[in-house]
A.B. asks: 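Pasting in a structure now, in structure tokens, and then I'll have a few things to ask.
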Amino acid sequence: MKGSLLKNNKDNARKKNRASILGIGVDCLTLEAAKNAICERWGSNAGVFHVVTANAEMIFRSSRDRELARIIENAGMVTADGAGVVLASRILGYSLPERVAGYDLMVRCLQEAADSGAPVYFLGAQPQVLVQAVEKAQKRFPGLNIAGSHHGYFQEEDEEEIVREICSLKPCLLLVALGVPKQEKWIFRNRRKLPPCVAIGVGGSFDVLAGKATRAPLWMQRAGLEWLYRLAKEPARIGRAAVLPAFLFQVFLQALHIKRY
Ligand code: UDP
């Protein structure tokens, strides 16, 4: 009884600090606060702490993909990965303090891991890109303990072996770069088999770390225009970028109470 009361109080406190956007809870956190919460967590034995970096496309997709919505609902932390999500929160009357992009969060966590000796595992990206990402990480964060890595183009039957390897290496931080929603579903599906760790879905972050993809100039990031930069670099993403107006339209429907989530 006491236990369930405590749990309810905790759940309520968590809900209060979350913006609800199209039914998806996003934590009101700065980049620094997100990094600190992750680092506090990675010495503990309390299972897998799943961190989702949610952009507008992911939130829009999860309003149509119940499995993805359920996974995000159960995540330990959901950050606002994109200017669209921060804008949506303002429209809905919440105050998400800033954008917490997956790449920035990964970089901060890698720096902390290097400083504290926490072992890290890299899963995802093309084989050659992964090799370069690991090399770059090793150079950029001296002392970083990269316990292991595996590219992201494995067969279903290889999954068990990969999970076994991660269990034997016991990383504190597991970076999963398989793209959305594959990475979220992979972490969720394997959460009970994986060792206690913080698992973050980091999308195309290994490509950026490896130098295969570049981030927008800082002024564009600050102006919330990183999506435009990515679109200019990879015009094939037009279909994905087209989701943004549809996302904002749904946000307005939610704000005007025309649609309930
Ligand atoms: N990827 C992978 N396995 C797959 C599909 C994709 O490892 O089966 C990798 C891909 O090589 C890239 C990342 O996942 O490094 C997805 O990048 P993207 O920029 O599309 O990420 P998102 O926008 O979905 O976060």
Side-chain angles (χ1 to χ4, degrees), residues 24 26 34 50-65 67-69 71-72 75 77-85 99-107 109-110 120-137 148-159 161-163 165-166 174-190 199-216 220-221 224-244 246-247:
I24 298 299
V26 181
H50 185 181
V51 178
V52 172
T53 64
N55 60 17
E57 186 191 342
M58 189 200 253
I59 294 178
F60 184 75
R61 187 195 275 255
S62 54
S63 64
R64 283 155 172 73
D65 177 345
E67 187 194 351
L68 182 59
I71 291 172
I72 302 176
M77 180 190 291
V78 183
T79 71
D81 184 354
V85 181
R99 174 182 178 207
V100 181
Y103 180 77
D104 295 329
L105 190 60
M106 178 185 83
V107 165
C109 290
L110 286 175
V120 183
Y121 192 98
F122 283 55
L123 174 64
Q126 292 158 359
Q128 202 45 40
V129 172
L130 176 68
V131 170
Q132 286 168 0
V134 166
E135 273 174 22
K136 288 268 171 70
S149 62
H150 198 289
H151 65 78
Y153 292 85
F154 50 86
Q155 302 299 315
E156 214 182 304
E157 56 265 28
D158 299 331
E159 190 162 305
E161 186 51 40
I162 295 170
V163 171
E165 181 184 65
I166 297 172
L174 171 61
L175 300 172
V176 185
L178 301 174
V180 176
K182 199 171 176 184
Q183 59 200 18
E184 284 70 31
K185 293 185 178 179
W186 191 91
I187 293 170
F188 191 75
R189 187 166 65 244
N190 290 298
I200 315 179
V202 293
S205 296
F206 293 176
D207 300 56
V208 180
L209 194 56
K212 184 182 171 241
T214 48
R215 290 209 58 197
M220 282 187 102
Q221 289 182 39
L225 294 174
E226 189 154 28
W227 60 273
L228 190 61
Y229 180 85
R230 285 192 88 178
L231 191 58
K233 287 269 174 186
E234 299 169 59
R237 294 180 83 97
I238 184 76
R240 297 178 60 174
V243 159
L244 199 62
F247 166 75

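Values in this document were obtained by computation on a predicted structure and should not be read as measured data. By convention here, the first residue in the shown sequence is residue 1. Read the numbers this way: they start at 1 and go in the same order the structure lists the ligands and their atoms.
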A.B. asks: Side chains of Q221 and Y229 only: does a donor on one sit below 3.5 Å from an acceptor on the other?
C.D. replies: no
A.B. asks: Keeping D207 on the side-chain end and A213 on the backbone end, is there a donor-acceptor pair under 3.5 Å?
C.D. replies: no
A.B. asks: So which protein heavy atom does atom 12 (C) of ligand 1 come closest to, and at what separation?
C.D. replies: D207 OD1, 3.5 Å
A.B. asks: Tell me whether Q183 contacts the main-chain N or O of G203 through its side chain, where contact means a donor paired with an acceptor under 3.5 Å.
C.D. replies: yes
A.B. asks: Looking at atom 20 (O) of ligand 1, what's its closest protein heavy atom, distance included?
C.D. replies: R240 NH1, 3.3 Å
A.B. asks: Of I71, L68, V52, which is the lone residue that meets side-chain contact (heavy atoms from CB on, under 4.5 Å) with F188?
C.D. replies: I71
A.B. asks: I'd like to check which ligand 1 atoms, numbered from 1 as shown, lie under 4.0 Å from a non-hydrogen atom of R237.
C.D. replies: 19 (O), 20 (O), 23 (O)
A.B. asks: What class does the angle between the rings of H150 and F154 fall in, given that below 30° is parallel, 30 to 60° is tilted and above 60° is perpendicular?
C.D. replies: perpendicular
A.B. asks: Are any of the N or O atoms of V180 closer than 3.5 Å to those of ligand 1?
C.D. replies: yes
A.B. asks: For ligand 1, is there an N or O atom under 3.5 Å from any N or O atom of Q183?
C.D. replies: no
A.B. asks: How far is atom 11 (O) of ligand 1 from its nearest protein heavy atom, and which residue and atom name does that atom have?
C.D. replies: Y153 OH, 2.8 Å
A.B. asks: Any atoms of ligand 1 less than 4.0 Å from a non-hydrogen atom of G124? List them with their elements.
C.D. replies: 7 (O)
A.B. asks: May I ask whether R230 places a heavy atom under 4.0 Å from ligand 1?
C.D. replies: yes
A.B. asks: The criterion is ring pair (Phe, Tyr, Trp, His ring centres under 6.0 Å); which residues satisfy it with F122, sequence neighbours excluded?
C.D. replies: F206
